[in-house]
Number of protein chains: 2
Amino acid sequence: MNTFAEENYLKAILSLSIQGEELVSTNSIATELNTSAASVSDMLKKLQEKKLIIYKKYKGVALNKQGKSIAVNILRKHRLWETFLVKKLDFNWDEVHDVAEQLEHIKSEELIDKLDSFLYYPKFDPHGEVIPTKEGTIPQTDRVLLSEIEENTNGIVLGVSLDETSFLQYLNKLKIEIGTEIQIFDRIDFDKSVNISINNKKQNISNEVAKHLLIKNK
Amino acid sequence: MNTFAEENYLKAILSLSIQGEELVSTNSIATELNTSAASVSDMLKKLQEKKLIIYKKYKGVALNKQGKSIAVNILRKHRLWETFLVKKLDFNWDEVHDVAEQLEHIKSEELIDKLDSFLYYPKFDPHGEVIPTKEGTIPQTDRVLLSEIEENTNGIVLGVSLDETSFLQYLNKLKIEIGTEIQIFDRIDFDKSVNISINNKKQNISNEVAKHLLIKNK
DNA sequence: AAATAAATTTAGATATATCTAAAAATAAAT
DNA sequence: ATTTATTTTTAGATATATCTAAATTTATTT
Ligand SMILES: [Mn+2]
Ligand SMILES: [Mn+2]
Ligand SMILES: [Mn+2]
Ligand SMILES: [Mn+2]
């Protein structure tokens, strides 16, 4: 049985791997978890001993099979709970992340099975993020980040890759939500911002925001 | 913010107070929480410093106003979660206690408010135990324990005062559930067991079981 | 290649929550 | 009222998870 802290570290490593880091660095984990690099080193040693990661001092860390399985399961629980909170308890999409951070650590396989069934086996969470299967796979989707999308195309927002309150409330203000149709014009070289229009209203989206918008071309 | 351990100690003290101990003893807390008397002493010192209990060394402990408020709130959360698990997720009444032990520690007032609303403000949990109000009061009921009920009367089982799996599964076997009508004949002096009948079938109920059955006379 | 900077790990502390064994206080028995 | 037994507390360890500051390794400049 793993502690909350161990589970959070495994989830952080998974998240950084998905974002593209092959060998995840100590510092990026520290940033992700708002803790010190020293604490990360301590915990990596411990996870290494528990045989959940492949860790080479000064080089970086990756999840091994068992570590990945645990991390994906936490992610599954996180997203199922978020779905429950929005679909059943009427929370808004920008209010659920912090509570899900707690609920994801509840230990009961039967609970999650029944929650999944109660929600009619959802495929996506309230942020459009894909929910991993009970078997531990993360279904692949054909979404592209707005920060990397081709210029002069049309698309539809299918999700966000970040579920922090401040980000989601900013999207609310920009009138960007799941299902919003957008036209993509061009990307500015200088700051990597993107010019788009929503309902024929032109606007400029910063790279910081564009990096977290999942778009499907149409 | 209190730790899980602190919350569990406060809840244990509340539970023992309700069961009749005016000054709760170190040993009874140790038994209730399956821990050592030494650990209890350590924690009582800590809760004393946090001003949540009234503690006199070697004498015993009681909750103060703030400690009671916290404990009642944990009990409320425990029973609301149990209700959710049975009513919405189709758990049986003998399967929910352990998961509720985890869920009761989730910190979010809004979550509990919304859960309460989602369940249509239930007054009793799946074991017939009364759910404390948001304001922190425990509504009084006129139930009597089978171990203390008057002889030669009729009654109906409205609840149990213990929600451990082994006890509830034994009740399932005895065909005793909430709503079961029983006739009470007499109480045996020697072992305080009670002779009753259910559907005209006579049986003898041990004091250990009778102590946890909440009956309403009719 | 050597010097400097950045990233990472280790050393040494602190805080929480446990435990066993020993000491102290209280209760019960003689 | 002593002695004995029980209950409770303290002393001293262990385990987890953090931190800051110092040491070490790796990467970048000059
Ligand atoms: Mn978490
Ligand atoms: Mn999400
Ligand atoms: Mn608990
Ligand atoms: Mn209950």
Side-chain angles (χ1 to χ4, degrees), chain A residues 1-13 16-17 19-63 67 70-71 74 101-102 104-107, chain B residues 1-13 16-17 19-63 67 70-71 74 101-102 104-107:
Chain A
M1 197 64 56
N2 306 295
T3 65
F4 284 22
E6 288 165 355
E7 291 183 346
N8 284 337
Y9 274 90
L10 293 174
K11 196 165 61 111
I13 298 167
L16 293 165
S17 302
Q19 281 165 52
E21 277 190 73
E22 291 238 344
L23 270 186
V24 177
S25 75
T26 299
N27 260 357
S28 59
I29 297 171
T31 304
E32 177 89 3
L33 293 179
N34 257 298
T35 188
S36 69
S39 297
V40 175
S41 283
D42 286 345
M43 182 58 93
L44 292 182
K45 205 181 293 171
K46 192 181 160 200
L47 292 174
Q48 167 95 300
E49 272 158 28
K50 290 187 84 170
K51 294 198 199 311
L52 299 175
I53 58 175
I54 300 146
Y55 171 45
K56 289 200 188 95
K57 270 201 232 173
Y58 292 102
K59 298 300 184 184
V61 65
L63 296 171
I70 293 165
I74 304 289
E101 279 297 316
Q102 297 180 62
E104 71 190 6
H105 302 291
I106 302 290
K107 269 107 184 157
Chain B
M1 197 64 55
N2 307 296
T3 64
F4 284 22
E6 288 165 355
E7 291 183 346
N8 283 337
Y9 273 90
L10 293 174
K11 195 165 61 113
I13 298 167
L16 293 165
S17 304
Q19 281 165 51
E21 278 190 73
E22 290 237 345
L23 270 186
V24 177
S25 75
T26 299
N27 259 357
S28 60
I29 297 171
T31 304
E32 176 90 3
L33 293 179
N34 259 298
T35 187
S36 69
S39 297
V40 176
S41 283
D42 286 346
M43 182 59 93
L44 292 182
K45 205 180 295 171
K46 193 181 160 198
L47 292 174
Q48 168 95 301
E49 271 157 28
K50 290 186 85 170
K51 295 197 199 307
L52 299 175
I53 58 174
I54 300 147
Y55 171 45
K56 290 200 187 94
K57 270 200 230 174
Y58 292 103
K59 297 300 182 183
V61 65
L63 295 171
I70 293 165
I74 303 290
E101 279 297 317
Q102 298 179 62
E104 71 189 6
H105 301 292
I106 301 290
K107 268 107 184 156

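Naming: A, B, ... by sequence-line order, numbering from 1 per chain.
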Report summary line: Closest to the side chain of Ala37(A), out of dA21(C), dT9(C), dT18(D), is dT9(C)
Query raised in the report: Who does dT4(D) pair with, Watson-Crick or G-U, both distances under 3.5 Å?
Result: dA27(C)
Query - Spacing of Leu33(B) atom CG relative to dT18(C) atom P, expressed in whole Å - result: 9 Å
Requested in this report: Look at Ser39(B) and dT18(C) and indicate whether a side-chain polar atom (N or O) is within less than 4.0 Å of OP1 or OP2.
Outcome: no
Query raised in the report: Where each residue is assigned the nucleotide of DNA chain D containing its nearest heavy atom, which of Lys59(B) and Ser36(A) is assigned the position nearer the 5′ end?
Result: Lys59(B)
**Report entry** Listed nucleotide nearest any side-chain atom of Ser41(B), set dT18(C), dT8(C), dT10(D)
**Finding:** dT10(D)
Query raised in the report: Looking at Glu7(A), Lys107(A), Lys50(A), His105(A), which one forms a side-chain hydrogen bond (donor to acceptor under 3.5 Å, both in side chains) with Asn2(A)?
Result: Lys50(A)
Query raised in the report: Can you list the steps and then say if Ile29(A) with Tyr9(A) is a side chain to side chain contact (heavy atoms under 4.5 Å, CB included)?
Result: CA-CA 8 Å; Ile29(A) 297 171; Tyr9(A) 274 90; 3.9 Å; yes
Report summary line: Rounded to whole Å, CG of Asn2(A) lies from P of dA15(D) at a distance of 18 Å
Query raised in the report: Looking only at heavy atoms, what is the nearest atom pair of Thr26(A) and Ser41(A), with distance?
Result: CG2-OG, 4.2 Å
Query - Out of dT9(C), dT18(C), dT18(D), whichever nucleotide has its closest atom nearest the side chain of Tyr9(B) - result: dT18(C)
Query - Opposite nucleotide pairing with dA1(C), Watson-Crick or G-U, both atom distances under 3.5 Å - result: dT30(D)
Query raised in the report: Salt bridge between Lys11(B) and Glu101(B), side-chain N to carboxylate O under 4.0 Å?
Result: yes
Report task. With sequence neighbours excluded, tell me which residues meet side chain to side chain contact (heavy atoms under 4.5 Å, CB included) with Ser25(B). Result -> Glu21(B), Asn27(B), Ser28(B)
Query - Distance, rounded to the nearest Å, where Lys56(B) contributes NZ and dT7(D) contributes C1' - result: 18 Å
Query raised in the report: Is Ala38(B) touching bases, backbone alone, or none of the nucleic acid, heavy atoms closer than 4.0 Å?
Result: base
**Report entry** Nearest-Å distance for atom pair CD/P, residues Gln48(B) and dT8(D)
**Finding:** 16 Å
Report summary line: dT14(D) -> Watson-Crick or G-U wobble partner, both distances under 3.5 Å, gives dA17(C)
**Report entry** Rounded interatomic separation in angstrom, taking NZ from Lys45(A) and C1' from dT24(D)
**Finding:** 13 Å
Query raised in the report: In residues 23-31 of chain B, which residues come under 4.0 Å of DNA chain C by heavy atom?
Result: none
Requested in this report: Please lay out, stage by stage, how Val24(A) and Leu44(A) fare under the test side chain to side chain contact (heavy atoms under 4.5 Å, CB included).
Outcome: CA-CA 11 Å; Val24(A) 177; Leu44(A) 292 182; over 6 Å; no
Query raised in the report: Is a side-chain N or O of Glu32(B) found less than 3.5 angstrom from the main chain of Ala12(B), in a donor-acceptor match?
Result: no
Report summary line: Taken to the nearest whole Å, CE/Met43(B) to C1'/dT18(C) is 10 Å
Query raised in the report: Roughly how many Å is it from OH in Tyr58(B) to C1' in dT6(D), rounded to a whole number?
Result: 12 Å
Query - Gap between atoms NZ and C1', on Lys57(A) and dA27(D) respectively (whole Å) - result: 19 Å
